Student: 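Below you will find the structure I want to go over with you.
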2 protein chains.
Amino acid sequence: MHKSLNEIAQHLPANVLAEDCPSRAILQHVTSRWGTLILIALAPGTLRFAELRRRVQGISERMLAQTLQVLESDHLVIRTAHEVVPPHVDYALTPLGAELAVRVLSLAHWIEENLPALQEAQT
Amino acid sequence: MHKSLNEIAQHLPANVLAEDCPSRAILQHVTSRWGTLILIALAPGTLRFAELRRRVQGISERMLAQTLQVLESDHLVIRTAHEVVPPHVDYALTPLGAELAVRVLSLAHWIEENLPALQEAQT
DNA sequence: GGAAGAACCCACATTTCTGTAAGTATGCCG
DNA sequence: CGGCATACTTACAGAAATGTGGGTTCTTCC
C-alpha cells in the first residue's frame with residue numbers, strides 16, 4: 001500500500017525556511033513583537049495579568065490578552081483562572097514553554113550584552 | 001560634578017523589557033518576520049542576493065533588500081558589492097552576526113524538533 | 001452611595017508591514 | 001538591434017498589527 005502525502009510529510013524534518021512548514025508559523029508567534037517579551041517576562045515564574053502588563057513595558061491590554069491566547073494555543077503558556085470576584089488569573093510557562101524560554105533568553109541577553117557593539121557608529 | 005542622565009544610562013544594564021531600551025529595537029529587527037529567517041539562511045555561509053531569495057522561501061525582493069539593510073545597519077550582516085556588470089553582491093554574517101545566529105538557530109531547531117508537541121490537539 | 005479593582009472583550013481608527021508591478025544600469029550574446 | 005541577466009529602488013495598494021476608548025461583572029473599602 002502507498003503512503004499518503006500526509007504520512008510522508010510526517011517524517012520529513014520540519015524546516016522554517018520552507019514556506020508552508022507549520023514550524024514557521026510557531027516561530028512567528030514566538031518572535032512576534034510581544035510574544036518574545038512575554039516569554040521573557042514569564043521566565044522567572046508565574047504572574048498575573050496586571051503584573052505581566054507592568055513588566056512588559058509598553059504593551060496594551062489588548063495585545064497582552066491576544067498574544068497570551070496565541071501562546072496558550074501553542075502550549076507554551078498555561079492560563080489558570082480562579083473563579084473569584086474580582087477575577088484572579090495566573091499565567092505561567094508550560095514545561096515546553098520553559099524550554100523555549102531558555103533559548104529566547106539566551107538571544108535577548110546576548111543582545112543586551114552586545115548592545116554597544118551593535119549600535120556602533122552608524123555611517 | 002554630577003553625572004548626566006546619559007552617563008548614568010550608559011552603565012545601566014540593557015533590558016529588553018524596558019520600553020525605551022535600544023536593545024528592544026534590535027531584538028525587534030532580529031525577530032522580525034524575515035530577519036530571523038535571513039540570519040538562519042546565512043548561517044552556513046555567504047550567499048548572493050538571488051540565492052538568498054531562493055533559500056528564504058516566500059520572501060519578496062523588496063522585503064529581502066529592506067531587511068538586509070536593517071541587519072547591515074546593526075552590524076550583523078556585511079554586504080560586499082563587486083563592481084561588475086551584471087552586478088554581483090555577496091551577503092555574509094559578521095562575527096557578531098554569527099554569534100547571534102547560533103542563538104537563533106538553537107531557537108528555530110528547538111521549534112522544528114518539538115513541532116509535534118507544539119501542535120498537539122487544539123481543543 | 002460611590003469609587004475602585006481585576007481581567008478581560010468589542011468596535012473603530014490608525015499605523016505599520018508586506019506584496020506587486022514597473023523601472024534602472026550596463027555589457028554580452030546572437 | 002533586441003533581449004537577457006543581476007541587484008536593486010520606487011510608487012502604489014492591500015493586508016495585518018496595534019492602539020484607544022468604552023463596557024462588563026461583582027465585591028470590598030470609604
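Labels below follow one simple rule: chain letters A, B, ... track the order of the sequence lines, proteins then strands, and each chain is numbered from 1. Predicted model only: the values in this text are computed from it and were never measured.
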Student: Looking at C:dC8, I'd like to know if its phosphate oxygens (OP1 or OP2) sit under 4.0 Å from a side-chain N or O belonging to A:Y91.
Tutor: yes

Student: Check every atom of C:dC9, C:dG19, D:dT18 against the side chain of B:W34 and return the nucleotide holding the closest atom.
Tutor: C:dG19

Student: Between D:dT9, C:dA7, D:dC8, spot the one nearest the side chain of A:F49, thanks.
Tutor: C:dA7

Student: Show the numbers, then the answer: is there a side chain to side chain contact (heavy atoms under 4.5 Å, CB included) between B:D74 and B:L96?
Tutor: CA-CA 10 Å; B:D74 286 338; B:L96 218 50; over 6 Å; no

Student: Which part of the nucleic acid does A:R53 contact within heavy-atom distance under 4.0 Å: base, sugar-phosphate only, or nothing?
Tutor: nothing

Student: D:dC8 P sits how many Å from B:L52 CG, rounded?
Tutor: 10 Å

Student: What is the per-nucleotide protein-contact pattern of nucleotides 20-30 of chain C, from the 5' end, where B denotes a base atom under 4.0 Å from a protein heavy atom, S denotes such proximity for sugar-phosphate atoms only, and - denotes neither?
Tutor: B-----BS---

Student: In this structure, how many angstroms lie between the P atom of C:dT18 and the CG atom of B:L68, rounded?
Tutor: 14 Å

Student: So does B:R48 get a side-chain nitrogen or oxygen closer than 4.0 Å to the phosphate oxygens (OP1/OP2) of D:dA7?
Tutor: yes

Student: Taking only residues at least two apart or on different chains, which pairs with a member in residues 80-104 of chain A satisfy salt bridge (charged side-chain N to carboxylate O under 4.0 Å, His left out)?
Tutor: none

Student: Name the orientation class of the two ring planes belonging to B:H88 and B:H82 (parallel below 30°, tilted from 30 to 60°, perpendicular beyond 60°).
Tutor: perpendicular

Student: Could you check whether B:Q69 gets within reach of a base, just the sugar-phosphate, or nothing at all, counting any heavy atom under 4.0 Å?
Tutor: sugar-phosphate

Student: For A:E51, report the nucleic acid contact type (base, sugar-phosphate, nothing); a contact means any heavy atom under 4.0 Å.
Tutor: nothing

Student: Is it true that a side-chain atom of B:T80 and a backbone atom of B:Y91 form a donor plus acceptor pair closer than 3.5 Å?
Tutor: no

Student: Got a second to check how far B:L100's CG is from A:I111's CD1, nearest 0.5 Å?
Tutor: 5.0 Å

Student: For the side chain of A:A65, counting heavy atoms from C-beta on, which of D:dA7, C:dA7, C:dC9 is nearest?
Tutor: C:dC9

Student: Are side-chain heavy atoms of A:V77 and A:L93 found at a separation under 4.5 Å?
Tutor: yes

Student: Looking at B:R33, I'd like to know whether one of its side-chain N or O atoms comes within less than 4.0 Å of OP1 or OP2 on D:dA16.
Tutor: no

Student: Is B:R24 reaching over with its side chain to a backbone N or O of B:L17, donor-acceptor style, under 3.5 angstrom?
Tutor: yes

